[in-house]
Amino acid sequence: MQQYFIQGIIDPKQPVMLNEEQLHHMLRVLKMKPHDQICLVDEAENVWLAELINDEKWYASIIEQMPSVNSAISVHLAPALIKGERWDYLLQKCSELGVNEISGLLANRCVVKWKQAEKEKKLKRWNKITQEACEQCRRSDLVHVHEPMTLEQLCETEADLKLVAYERSDSESEHILSLLHEYPHIKSVLAVIGPEGGFESWEANQLMQAGFHCVSLGKRILRAETAAISIVNVLSMYYEYEIRGVTNEKYRGNPQ
Ligand code: SAH
């Protein structure tokens with residue numbers, strides 16, 4: 001069922017007005033008819049099942065509230081900026097997999113040059129991609145894509161656990177799953193991914209000094225967007241499993 005984000009807080013007893021873009025999508029693209037059902041999410045992240053009504057004008061009438069599917073922890077991803085379509089793909093897939101915030105990283109070997117003049121236009125487009133992905137996978141929260149940041153800004157960003165995916169020190173980098181087992185109860189993670197050409201070693205050192213743990217995502221070298229998608233998937237799967245109470249005692253090799 002298609003989901004749409006509504007501005008404000010929905011009062012289930014009141015008709016909900018839909019904007020022009022939403023109505024166009026429902027009536028022209030999906031060819032919906034009166035009484036077809038949709039899912040609406042308000043700014044308090046409440047999810048509502050509603051039906052489409054045409055009574056002089058189109059609106060939605062609430063049927064009932066639905067459970068939320070949001071992730072168990074807050075994941076802030078900071079991937080080095082990569083080119084065009086692959087960046088868009090990263091935004092879409094990481095949103096489906098449960099990322100909460102994305103800030104591009106201006107790493108030394110980034111091929112993409114960030115132009116401040118294009119900021120508004122780019123952020124608007126990127127946030128539209130993530131919003132559509134959230135609607136498609138029925139999340140009731142939105143992903144916030146922020147302005148790209150420098151390594152210094154990244155070092156000052158707070159989170160319960162800070163990770164940098166670092167392939168070159170595979171022997172030094174701890175396997176991500178083994179590290180996560182040491183942090184079962186955290187609420188937020190900041191995860192950094194390097195550019196196509198990888199990190200300069202001084203960049204990785206600076207991150208480590210700022211409290212980032214180097215993690216390996218396995219033995220194979222992944223493309224930057226694959227590494228981003230992979231780390232978000234590992235984080236959301238792992239903490240969904242932990243927090244659902246399926247405690248991994250067996251998985252940790254603990255006999256009890
Ligand atoms: N330096 C590499 C390519 C970098 S891959 C080369 O040989 O060309 C781009 C980014 O993806 C890396 O900077 C790292 O953050 C991440 N990455 C890729 N594979 C990884 C792995 N196996 N473990 C951890 N991070 C990985």
Side-chain angles (χ1 to χ4, degrees), residues 73-114 126 129-130 133 143 145-183 186 188-239 251:
I73 55 156
S74 168
V75 178
H76 186 170
L77 181 73
L81 284 183
I82 51 171
K83 275 195 176 166
E85 271 179 19
R86 295 200 287 126
W87 177 255
D88 294 352
Y89 185 77
L90 178 159
L91 295 177
Q92 185 192 57
K93 297 303 155 208
C94 290
S95 301
E96 286 172 41
L97 291 167
V99 76
N100 300 89
E101 290 178 80
I102 302 177
S103 307
L105 169 65
L106 302 168
N108 204 47
R109 291 193 188 140
C110 272
V111 182
V112 180
K113 295 288 166 246
W114 174 249
W126 293 348
I129 293 175
T130 56
V143 174
V145 188
H146 306 289
E147 188 177 342
M149 50 180 166
T150 60
L151 196 72
E152 287 67 31
Q153 289 168 322
L154 180 63
C155 287
E156 285 161 15
T157 306
E158 293 300 327
D160 292 347
L161 178 62
K162 305 205 271 186
L163 308 176
V164 50
Y166 195 35
E167 78 294 353
R168 279 184 44 194
S169 57
D170 218 62
S171 48
E172 291 161 43
S173 291
E174 188 171 357
H175 191 284
I176 185 162
L177 284 176
S178 124
L179 184 79
L180 297 185
H181 286 170
E182 295 167 33
Y183 294 89
I186 53 166
S188 60
V189 180
L190 172 60
V192 185
I193 304 291
E196 286 101 332
F199 285 114
E200 303 271 10
S201 54
W202 62 265
E203 290 176 308
N205 288 339
Q206 204 164 318
L207 288 168
M208 281 189 275
Q209 274 163 22
F212 284 79
H213 299 262
C214 283
V215 287
S216 157
L217 299 172
K219 290 179 191 157
R220 289 162 296 277
I221 303 286
L222 309 172
R223 289 183 73 147
E225 70 275 23
T226 316
I229 294 165
S230 163
I231 204 165
V232 172
N233 193 38
V234 168
L235 290 168
S236 46
M237 293 273 266
Y238 182 81
Y239 287 104
Y251 199 43

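Counting starts at 1 for both ligands and their atoms, in listed order. For reference, positions follow the sequence shown, starting with 1. Hydrogens, waters and symmetry mates are skipped; everything else that's a heavy atom, side chains included, is used. Remember, predicted model here, so these are calculated numbers, not experimental data.
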Give yes if a backbone or side-chain nitrogen or oxygen of A165 is under 3.5 Å from a nitrogen or oxygen of ligand 1, and no if not. yes
Nearest neighbour of atom 9 (C) of ligand 1 from the list C214, P195, G198, on a heavy-atom basis: P195
Just going by heavy-atom distances, which of E196, E167, R109 is nearest to atom 12 (C) of ligand 1? E167
Assess whether a salt bridge exists between E196 and R109, defined as any Lys/Arg side-chain N lying under 4.0 Å from an Asp/Glu carboxylate O. no
Per-atom filter on ligand 1: closer than 4.0 angstrom to a heavy atom of G197 are 1 (N)
Run the numbers on H146 and E101 for side chain to side chain donor-acceptor pair (under 3.5 Å), then give the verdict. CA-CA 7 Å; H146 306 289; E101 290 178 80; 2.7 Å; yes
Region of V164 engaging ligand 1 - heavy atom pairs below 4.0 Å: neither
I'd like a table of donor-acceptor pairs (distance under 3.5 Å, sequence neighbours excluded) in which one partner is a side-chain atom from residues 204-211, with atom names and distances.
from	atom 1	to	atom 2	distance (Å)
N205	ND2	S201	O	3.3
Q206	NE2	E152	OE2	3.2

Does an N or O from R220, backbone or side chain, lie closer than 3.5 Å to an N or O of ligand 1? yes
Looking at V215, which atoms of ligand 1 are within less than 4.0 Å of one of its heavy atoms? 24 (C)
Can you confirm, on distance only, whether ligand 1 has an N/O atom lying under 3.5 Å from any N/O atom belonging to I221? no
Purely on distance, is any nitrogen or oxygen of L217 under 3.5 Å from one on ligand 1? yes
Is the closest N or O pair between V192 and ligand 1 shorter than 3.5 Å? no
Go through L154 and L190 one step at a time and tell me if the side chain to side chain contact (heavy atoms under 4.5 Å, CB included) criterion holds. CA-CA 9 Å; L154 180 63; L190 172 60; 4.1 Å; yes
For G218, is at least one N or O under 3.5 Å away from an N or O on ligand 1? yes
For K162, enumerate each residue passing the salt bridge (charged side-chain N to carboxylate O under 4.0 Å, His left out) test, keeping only those at least two apart in sequence or located in another chain. none
A student checking ligand 1 against I193 at a 4.0 Å heavy-atom cut-off should list atoms 11 (O), 15 (O)
Could you label the plane-to-plane angle of the Y238 and H181 rings as parallel, tilted or perpendicular, counting under 30° as parallel and over 60° as perpendicular? tilted
Any side-chain heavy-atom pair from R223 and I82 closer than 4.5 angstrom? no
Measure the shortest side-chain to side-chain distance between L77 and L90 over non-hydrogen atoms and say whether it is less than 4.5 angstrom. yes
